[in-house]
Amino acid sequence: MNKTANVTLTLPDGSVRTYPGPVTGSTLAADIGPGLAKAAIVIVVNGEQWDLARKIEQDSDVTIITNRDEAALEILRHDAAHILAEAVKKLYPDVQVTIGPAIDNGFYYDFARKIPFTTDDLVIIEKHMVEIIERDEDIIRSEMDRDDAIKFFRDMGEDYKAELIAAIPEGQTITLYRQGDFIDLCRGPHLPSTGRLGKDCFKLMKVAGAYWRGDSNNEMLQRIYGTAWRTKKELKAYLTRLEEAEKRDHRKIGKQMKLFHFQEEAAGMPFWHPNGWTIYQQVEAYIRRKQKKYDYQEIKTPQLVDRVLWEKSGHWEKFREHMYTTESDSRNLALKPMNCPCHVQVFNQGIVSYRDLPLRLAEFGSCHRYEPSGALHGLMRVRSFVQDDAHIFCSKDQITSETEIFCKMLMEVYEDFGFTDIKVKFSDRPEIRAGLDITWDEAENCLLEAVNSTGLDYTLNPGEGAFYGPKLEFVLTDAIGRDWQCGTLQVDFVLPERLDASYIGSDNGKHRPVMLHRAILGSFERFIGILIEEHAGRFPLWLAPTQVVVTGITSDQDDHVRKVYEQLKAAGLRAEMDLRSEKINYKIREHSHAKTPAIFVVGAREQEENTVTVRRLGSKQQQTLDLSAAINVLKLESLAPDQR
RNA sequence: GCCGCUGUAGCUCAGUGGUAGAGCGCGUCAUUGGUAAUGACGAGGCCGGAAGUUCAAUUCUUCCCAGCGGCACCA
């Protein structure tokens with residue numbers, strides 16, 4: 001290449017700068033202005049992020065990324081990971097560094113070390129990180145030959161790094177980054193120097209174990225998590241957000257509002273209390289109405305089923321470790337972990353005609369799964385749960401229309417619960433699966449065609465299908481931006497085959513039906529957990545365990561309070577009364593804390609006029625209404641969204 | 001299941017090698033008050049379970065169980 005050739009850089013606004021030879025991003029930024037030079041983080045060269053110090057030798061389209069850009073976050077977090085690694089390496093020379101990527105909201109780094117880190121270590125490491133930032137070391141990129149790099153790291157005693165390099169495909173450039181005397185294998189890019197990460201913009205959060213390369217057969221490494229932001233203010237906002245999320249934690253609210261509890265003797269299996277069960281029943285009644293509307297038939301199937309059926313269905317082979325079993329009458333029985341094989345048994349009774357299809361069988365099926373102890377998490381991951389499960393038995397040419405109808409139903413349900421931000425994922429065949437590849441080809445094509453015809457946007461989730469078929473997964477986003485996968489639709493050609501389901505077609509011949517497994521809420525337990533966190537316990541009236549509390553100003557109104565309470569009950573409202581000889585302030589405070597949506601206060605005046613003074617949760621306003629008017633307002637509002 | 005941390009009154013938590021304490025809640029009594037805490041008194045604990053060390057264990061050690069934070073798993 002001609003060394004003196006001009007290099008012309010084109011900026012996003014179309015302006016052009018020409019240099020007499022290779023030029024770095026730093027130089028370009030400085031030429032444009034000192035402000036930009038200071039704020040610049042990396043430069044995007046023809047769509048690829050480059051370090052500012054890297055020489056651009058060809059004419060290129062470039063964009064300078066500054067610390068004001070969202071894209072800066074990832075780079076900065078990645079740097080934070082390197083700084084963490086340098087600090088740890090310095091403080092604990094016996095560790096081996098492995099990998100340390102940027103993640104949502106922060107970064108982590110995995111270290112191989114015999115002794116685990118303690119939270120005290122974190123404080124020390126954090127201090128040392130601040131020192132590294134204050135030293136403001138240049139971060140220097142270099143390239144190295146593959147074999148040299150492997151030897152280089154092996155000689156340093158960094159076997160994990162050597163293993164990582166060995167796994168990089170031949171021919172790919174291996175880049176190293178050096179800051180001071182710390183060198184790490186890294187794709188980059190990085191900030192120009194360690195000082196560019198604000199010393200008060202990051203925080204180490206927690207230590208945890210993590211398997212080397214994410215494989216539970218491998219040894220466990222020590223992972224340190226941190227968070228990093230562009231400004232101190234952003235960091236603070238993030239920490240506040242975490243605190244807010246913690247206040248919504250359904251386990252905490254579940255205790256406060258007496259919704260449910262767990263105990264050792266039944267780990268992972270909720271005990272529903274009256275308040276929680278009220279919510280549960282509302283949700284169930286709602287779904288039952290929806291299913292009726294969409295022509296589902298509800299059934300109920302046994303809890304304990306002979307192992308033979310699970311062997312036939314294929315579940316035994318894949319999931320026996322996670323099934324509860326028992327023995328009785330010299331039969332091996334398993335508590336059902338799912339409902340589908342039982343639903344096929346219902347389908348198989350008698351002879352089904354093509355005229356009966358699609359046949360939609362729904363069950364609020366109570367299932368048990370022996371989940372690994374470490375997976376349990378409040379209501380979100382339990383060992384006993386109930387699904388809003390249903391199986392649609394149909395012919396192949398009904399898959400598309402059934403999918404469309406299901407998607408419509410699901411969207412209605414989510415909207416009624418207040419979730420409007422829904423993502424769809426398409427999961428195709430997993431590595432371990434049942435059925436022939438041609439069967440999978442067909443199932444995947446059918447489902448793809450179906451989802452395309454719904455017009456919904458979806459993303460591909462490769463290899464994440466169920467073992468018997470591909471699936472759509474529906475992910476909703478809650479009030480504080482967290483995603484929850486709830487709904488699912490799975491196309492299954494395998495189970496009908498295995499359990500020998502058939503129907504008589506118009507040609508008078510025997511045909512295999514297709515099974516569509518589908519759920520909208522997923523499990524009631526988990527969905528209610530999500531609702532608790534979504535609403536932070538302040539449920540809309542139709543779900544609230546207690547909808548209204550009536551109380552008097554003095555005990556002179558006790559009889560009247562009882563009458564109002566009776567009228568509320570007669571109106572079908574979930575009412576309570578509070579006759580304690582406490583001051584009104586005290587009672588208001590207490591019922592507000594209990595998140596009761598409405599408080600009716602009746603004093604001498606209200607009793608006289610047959611009115612109530614209404615105070616709604618979240619408002620300090622009060623309004624005096626005729627009793628019958630107040631009851632009507634609540635009655636209307638307490639209707640479920642599908643009943644309005 | 002794996003790594004780490006935690007387990008004390010109904011709840012939230014303090015504490016100690018010599019068998020325990022606070023606030024809230026709960027009960028009793030007084031108080032009858034107009035929209036986020038009226039006061040006094042009182043009752044509550046096998047300090048997660050089992051072993052071990054010790055004159056003595058809630059405290060130290062080991063194992064188990066459960067919870068929490070991650071990892072892995074999730075039909």
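So that the names make sense, note that chain A is the first sequence line, chain B the second, and so on, each numbered from 1. Nothing here was measured: the structure is a model prediction, and the numbers come from that model.
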Inset, instruction - Supply the atom-to-atom distance Arg369(A) CZ to Ser384(A) OG, rounded to the nearest 0.5 angstrom. - result: 11.5 Å
Inset, instruction - Grab the CG-P distance between Asp578(A) and G34(B) for me, whole Å please. - result: 16 Å
Inset, instruction - Assign a letter to each nucleotide of nucleotides 67-75 of chain B from its 5' end: B, base within under 4.0 Å of a protein heavy atom; S, sugar-phosphate only; -, no contact. - result: SSBBBBBBB
Legend entry - Lys247(A) bridged to Glu243(A) by N-O distance under 4.0 Å: no
Legend entry - Interatomic distance where CD1 belongs to Ile584(A) and P belongs to G34(B) [whole Å]: 10 Å
Legend entry - Contact letters for nucleotides 24-32 of chain B, in which S counts primed atoms plus P, OP1 and OP2 and B counts the base, heavy atoms under 4.0 Å: -SS----BB
Inset, instruction - Look at Lys252(A) and U12(B) and indicate whether a side-chain polar atom (N or O) is within less than 4.0 Å of OP1 or OP2. - result: no
Inset, instruction - Can you see which heavy atom on Lys595(A) is nearest to which on Gln256(A), and at what distance? - result: NZ-OE1, 3.8 Å
Legend entry - Rounded distance in Å - CE (Met257(A)) to C1' (C11(B)): 16 Å
Inset, instruction - Please identify each residue that fulfils side-chain contact (heavy atoms from CB on, under 4.5 Å) with Glu126(A), with sequence neighbours left out. - result: Phe202(A), Lys203(A), Leu204(A)
Inset, instruction - Please state how far atom NE2 in His593(A) lies from atom C1' in U12(B), giving the value in whole angstrom units. - result: 14 Å
Legend entry - A36(B) OP1/OP2 closer than 4.0 Å to side-chain N/O of Asn585(A): yes
Inset, instruction - Enter syn or anti for the glycosidic conformation of G21(B), syn applying to angles within 90° of 0. - result: anti
